[in-house]
Undergrad: 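Once you've had a glance at the structure underneath, I'll fire off some questions.
One-based numbering along the sequence shown.
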Amino acid sequence: MIISESIKETRDQVKEWKKQGLSVGLVPTMGYLHDGHKSLIERARKENDKVCVSVFVNPMQFGPNEDFDTYPRDFDRDSKICEDGGVDLIFHPEVETMYGENFSSYVDMHTLPDNLCGASRPAFFRGVQTVVSKLFHIIPADKAYFGQKDAQQLAIIRRIWYLILILI
């Protein structure tokens with residue numbers, strides 16, 4: 001299993017697999033994996049030749065009164081779960097790798113995120129939209145696997161996936 005903190009290394013590996021005609025599945029996570037993540041990894045493993053899991057706690061999903069620093073993290077445990085699940089690559093970037101010093105480009109869809117949870121947590125969905133869009137460009141997977149516990153988030157991610165597929 002490859003563990004990569006580098007966008008370039010991750011892109012290059014996925015490109016190589018694609019050149020070989022292999023299908024790639026992506027399971028984006030914020031880490032601290034649980035049984036729901038395991039089931040997504042298992043499905044990705046069954047449906048693809050190669051499986052990538054991103055483990056990235058996205059600071060953009062946290063508002064001013066939500067504590068990014070206390071979000072649970074256990075990368076050793078996550079790595080073991082991924083290895084046991086047959087994951088081929090974990091993309092585990094640092095915040096600086098994903099956003100850089102002068103980051104200023106966001107994905108900010110309107111309408112879908114403006115209601116329900118989005119009305120009280122606008123930073124959350126802007127962060128989700130931005131990071132998922134970045135992950136889809138770093139790892140151009142054939143399929144992506146998300147939990148379905150948050151219907152609003154899932155609808156937003158489906159819209160982003162659709163837009164990116166049109167652009168590719």
Undergrad: Would you call F68 and V95 a side-chain contact if the rule is heavy atoms closer than 4.5 Å?
TA: yes
Undergrad: Kindly work out whether a path of hydrophobic side-chain contacts (I/L/V/M/F/W/Y, heavy atoms less than 4.5 Å apart) joins F62 to V131.
TA: yes
Undergrad: By salt bridge (charged side-chain N to carboxylate O under 4.0 Å, His left out), which residues pair with E42, not counting sequence neighbours?
TA: none
Undergrad: Could you tell me whether the side chain of T29 and the main chain of S54 form a donor-acceptor pair under 3.5 Å?
TA: yes
Undergrad: Does the H92 side chain pair with the main chain of E5, one donor and one acceptor, at a distance under 3.5 Å?
TA: no
Undergrad: In a check of side chain to side chain contact (heavy atoms under 4.5 Å, CB included) between V27 and each of V87, V55, L40, which one passes?
TA: L40
Undergrad: Should V51 and V14 be regarded as members of a common hydrophobic cluster, given that ILVMFWY residues are connected when their side-chain heavy atoms come within less than 4.5 Å of each other, either directly or indirectly?
TA: no
Undergrad: Test your reading of the model: is there a side-chain donor-acceptor pair from S23 to the backbone of D49, 3.5 Å cut-off?
TA: yes
Undergrad: Among side-chain atoms of Y145 and E47, is any donor-acceptor pair under 3.5 angstrom?
TA: yes
Undergrad: What's the verdict on side-chain contact (heavy atoms from CB on, under 4.5 Å) for L26 and K143, showing C-alpha distance, side-chain angles and the deciding distance?
TA: CA-CA 6 Å; L26 170 62; K143 294 181 180 180; over 6 Å; no
Undergrad: What I'd like to find out is whether the side chain of L33 reaches to under 4.5 Å of the side chain of C82, using heavy atoms alone.
TA: yes
Undergrad: Tell me whether D142 is salt-bridged to K50, with the criterion being a basic N under 4.0 Å from an acidic carboxylate O.
TA: no
Undergrad: How far apart are the C-alpha atoms of Y32 and Y71, what are their side-chain angles, what is the distance that settles it, and do they pass the ring-ring contact (aromatic ring centres under 6.0 Å, His included) test?
TA: CA-CA 9 Å; Y32 213 70; Y71 189 86; 7.8 Å; no
Undergrad: About how many Å separate CZ of F91 and CD of Q13, when rounded to the nearest 0.5 Å?
TA: 13.5 Å
Undergrad: With no hydrogens and no angle check, is any side-chain donor or acceptor of S133 less than 3.5 Å from a backbone partner on Q129?
TA: no
Undergrad: Can you find a side-chain donor-acceptor pair between E16 and Q20 that sits under 3.5 Å?
TA: yes
Undergrad: With a 4.5 Å cut-off on side-chain heavy-atom distances among I, L, V, M, F, W and Y, is there a chain of contacts connecting F146 to I138?
TA: yes
Undergrad: Do the side chain of T10 and the main chain of S6 share a donor and acceptor less than 3.5 angstrom apart?
TA: yes
Undergrad: Transitively linked via ILVMFWY side-chain contacts under 4.5 Å: M30 with M60?
TA: yes
Undergrad: If Ile, Leu, Val, Met, Phe, Trp and Tyr residues are connected whenever their side-chain heavy atoms lie under 4.5 Å apart, and connections chain through other members, are I3 and V24 in the same group?
TA: no
Undergrad: Under 3.5 Å, side chain of K134 to main-chain N/O of Y99, donor-acceptor pair present?
TA: no
Undergrad: What closest approach, in Å, do G25 and A141 show between heavy atoms, and which atom pair accounts for it?
TA: C-CB, 4.2 Å
Undergrad: Is any side-chain heavy atom of L22 closer than 4.5 Å to one of K18?
TA: no
Undergrad: Not counting sequence neighbours, list each pair that qualifies as a salt bridge (charged side-chain N to carboxylate O under 4.0 Å, His left out) and has a residue in residues 69-81.
TA: K80-D84
Undergrad: State the CD1-CZ distance between I90 and F56, to the nearest 0.5 angstrom.
TA: 15.5 Å
Undergrad: Can you name the residues that form a salt bridge (charged side-chain N to carboxylate O under 4.0 Å, His left out) with D35, not counting sequence neighbours?
TA: K38
Undergrad: May I ask you to test the H37-I81 pair for a side-chain heavy-atom distance under 4.5 Å?
TA: no
Undergrad: Are the side chains of M98 and N58 in contact, using a 4.5 Å heavy-atom criterion?
TA: no
Undergrad: Walk me through it: do D88 and C52 pass the test side-chain contact (heavy atoms from CB on, under 4.5 Å)?
TA: CA-CA 6 Å; D88 299 287; C52 299; over 6 Å; no
Undergrad: Is a side-chain N or O of T130 found less than 3.5 angstrom from the main chain of G127, in a donor-acceptor match?
TA: no
